[in-house]
Amino acid sequence: MTRLSVEMLAADTVEPITSAGHAQLGIAVLLGIAVIVLLITKFKLHAFLALTIGSLALGAFAGAPLDKVITSFTSGLGSTVSGVGVLIALGAILGKMLADSGGADQIVDTILGKASKRSMPWTMVLIASVIGLPLFFEVGIVLLIPVVLMVAKRGNYSLMRIGIPALAGLSVMHGLVPPHPGPLVAIDALGANLGVTLALGVLIAIPTVVIAGPVFSKFAARWVDVPAPDRMIPQRASEDLEKRPGFGATLATILLPVVLMLVKALVDIIVDDPDALVQRTFDVIGNPLIALLAAVLVGIFTLLRPAGFGKERVSGLVEKGLAPIAGILLIVGAGGGFKQTLIDSGVGQMVLDISEDWSIPALLLAWLIAVAIRLATGSATVATVSAAGLVAPLAADMSTTHAALLVLAIGAGSLFFSHVNDAGFWLVKEYFGLNVGQTIKTWSIMETIISVVAGALVLLVSLIV
């Protein structure tokens, strides 16, 4: 989605589907989000259904005709899925290839073999960040948990000293760095440049993960001193394989789409001529769809073939990789529908007016909105797509750099204080054998540190660039 398409979208929605005033729209937004929160937390309804019902409720509370609300929701759902659905699917396939081929284990084992006891927390951050680039957060946890538990047990480390850096690396990648679903949806909604967002995301991610990982883990280990639970050490994928891909080939495959997208962004800055052959070439090569597709195709020869996968097994792996993302795609799509309902109801313009009247910086406003929705729903993805819909009009007049920073501000806010309404909270609790209080003292505070540090760095970078 280009800046031009954002401006066209804004032009198309000058006349909202309701003539409600700011007060009624504000109440409608609060009630619509309250419906989503209630359905997710109280009635344990799937986020896709909750977002769908919440979108209809929002339109009804705003006094909009129901047929127009349905049209807004379905058009938003369709445009969002068409924009990021293929990218999410390719990312899921690449992640499955990395896991089942033993490539992830190869990276982990190689790095751990060269790490000293003192550098182990930093090593875990490095591993989690590399592994976390192409993987969803939940998949990354499943891959890294065996390593975290085995390292803690065999090396007699504090579980939190090893586990928190790994979780921080995964979480920061998930919230700030495309091609993860949240950042991709926000980039699409705001018309931001993917390459610039990726570059700035990596820049902000590095100090953020250092503070929330190795540094905070020192305190977390003092607050919560627990041993690695033996019952949670599952079998690793590569234990069933006779051979697995090499370290260099695996690392190159993971980094290939990132490098292609970063090179495209660099060429755009240096050449700055849309008609130039070199820029047009890299616009294609560095397109996220082509970059991820290239990584998947390369992965067949660098990951699967060295692990002994035949043609039929490769086909089966792709099918298995796509199956788990159905729910994610529906949630992301429904979030896009909710976003479009917000925009078409006039809420986006309301936020624009409020930001001007209250003199709240756009980046801070985006962070605060994402924080509020994250606390209410427990979902970083729901927080990201909803906040992106609310602040989308603010991006129309922004520079390329500041539009990218707006994406990162939303991503940072979406990670704030994970608690009992977040599936990730329970995943960490069960894998690490913690109680609720211990999970809050470690995981929840770590997520808050990531959110606050990343948000502050976004504001700092905005003053410089």
Side-chain angles (χ1 to χ4, degrees), residues 125 128-129 132-133 136-137 164 167-190 192-194 196-213 215-216 335 339 351 355 360-392 394-395 398 401-419 422 424-425 443-465:
V125 162
S129 299
L133 275 172
F136 296 125
F137 177 78
I164 288 296
L167 293 173
L170 287 175
S171 187
V172 169
M173 292 296 114
H174 175 71
L176 300 179
V177 181
H180 286 278
L184 280 178
V185 171
I187 288 168
D188 184 66
L190 302 180
N193 182 285
L194 190 145
V196 174
T197 306
L198 175 60
L200 291 174
V202 171
L203 177 67
I204 290 171
I206 293 173
T208 300
V209 79
V210 167
I211 295 171
V215 174
F216 172 64
K339 172 209 72 176
V351 172
S355 67
I360 300 176
L363 297 177
L364 178 59
L365 180 64
W367 184 84
L368 289 172
I369 291 173
V371 165
I373 299 174
R374 159 69 160 182
L375 288 173
T377 65
S379 171
T381 302
V382 171
T384 299
V385 295
S386 300
L390 283 166
V391 303
L394 301 179
M398 285 184 169
T401 302
H402 279 75
L405 289 173
L406 190 63
V407 170
L408 297 176
I410 292 170
S414 74
L415 298 175
F416 191 86
F417 195 75
S418 164
H419 60 98
D422 177 20
F425 178 93
W443 162 255
S444 299
I445 293 179
M446 182 206 78
E447 286 282 88
T448 304
I449 291 172
I450 291 174
S451 179
V452 172
V453 171
L457 288 173
V458 167
L459 292 174
L460 180 62
V461 171
S462 72
L463 299 176
I464 299 173
V465 297

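Note that this is a predicted model, so its numbers are computed, not measured.
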Which side-chain N or O atoms in residues 458-465 pair as donor and acceptor under 3.5 Å with protein atoms at least two apart or in another chain?
unit_1, atom_1, unit_2, atom_2, d
Ser462, OG, Leu459, O, 2.5

CD1 of Ile187 to CG of Leu406, rounded to nearest 0.5 Å, is 11.5 Å
Which atoms form the tightest heavy-atom contact between Thr384 and Ala186, and what is the distance?
-> CG2-CB, 3.9 Å
Straight-line distance of Ile369 CD1 to Ser414 OG, nearest 0.5 Å = 13.0 Å
Would you find a donor on one side and an acceptor on the other, under 3.5 Å apart, between the side chain of His419 and the backbone of Leu375?
-> yes
For Ala362 against Met398, the heavy-atom pair lying closest together | CB-CE, 3.5 Å
Nearest-0.5 Å distance, NE2 of residue His402 to CG of residue Leu200 | 10.0 Å
Expected output: side-chain Ser418 to main-chain Ser444 donor-acceptor under 3.5 Å | no
Rounded to the nearest 0.5 Å, how far does CG of Leu363 lie from CD1 of Ile410?
-> 9.5 Å
Enter the distance from Ile450:CD1 to Phe417:CZ here, rounded to the nearest 0.5 Å.
-> 13.5 Å
Qualifying residue for side-chain contact (heavy atoms from CB on, under 4.5 Å) with Leu184, from Val407, Thr197, Leu194 = Leu194
Does Trp367 use its side chain to pair, donor to acceptor, with the backbone of Ser451 at less than 3.5 Å?
-> yes
What's the shortest heavy-atom distance between Ala168 and Met446, and which atoms?
-> N-SD, 3.6 Å
Does any N or O in the side chain of Ser171 come within less than 3.5 Å of the main-chain N or O of Leu167, such that one atom is a donor and the other an acceptor?
-> no
Rounded to the nearest 0.5 Å, how far does CG of Leu198 lie from CG of Leu408?
-> 9.5 Å
Show your working on side-chain contact (heavy atoms from CB on, under 4.5 Å) between Val215 and Ile449 and close with a plain yes or no.
-> CA-CA 11 Å; Val215 174; Ile449 291 172; over 6 Å; no
For Ala454 and Leu176 the tightest heavy-atom approach is CB-CD1, 4.0 Å
Shortest non-hydrogen pair, Ala409 vs Ala366, comes out as CB-CB, 4.4 Å
Atom pairs and distances, donor-acceptor, side-chain atoms in residues 202-212, under 3.5 Å, two or more places apart:
unit_1, atom_1, unit_2, atom_2, d
Thr208, OG1, Ile204, O, 2.7

Between Ala128 and Gly169, which heavy-atom pair has the shortest distance, and what is it?
-> CB-CA, 4.0 Å
Main-chain N/O of Ala383 paired to Arg374 side chain as donor or acceptor, under 3.5 Å | no
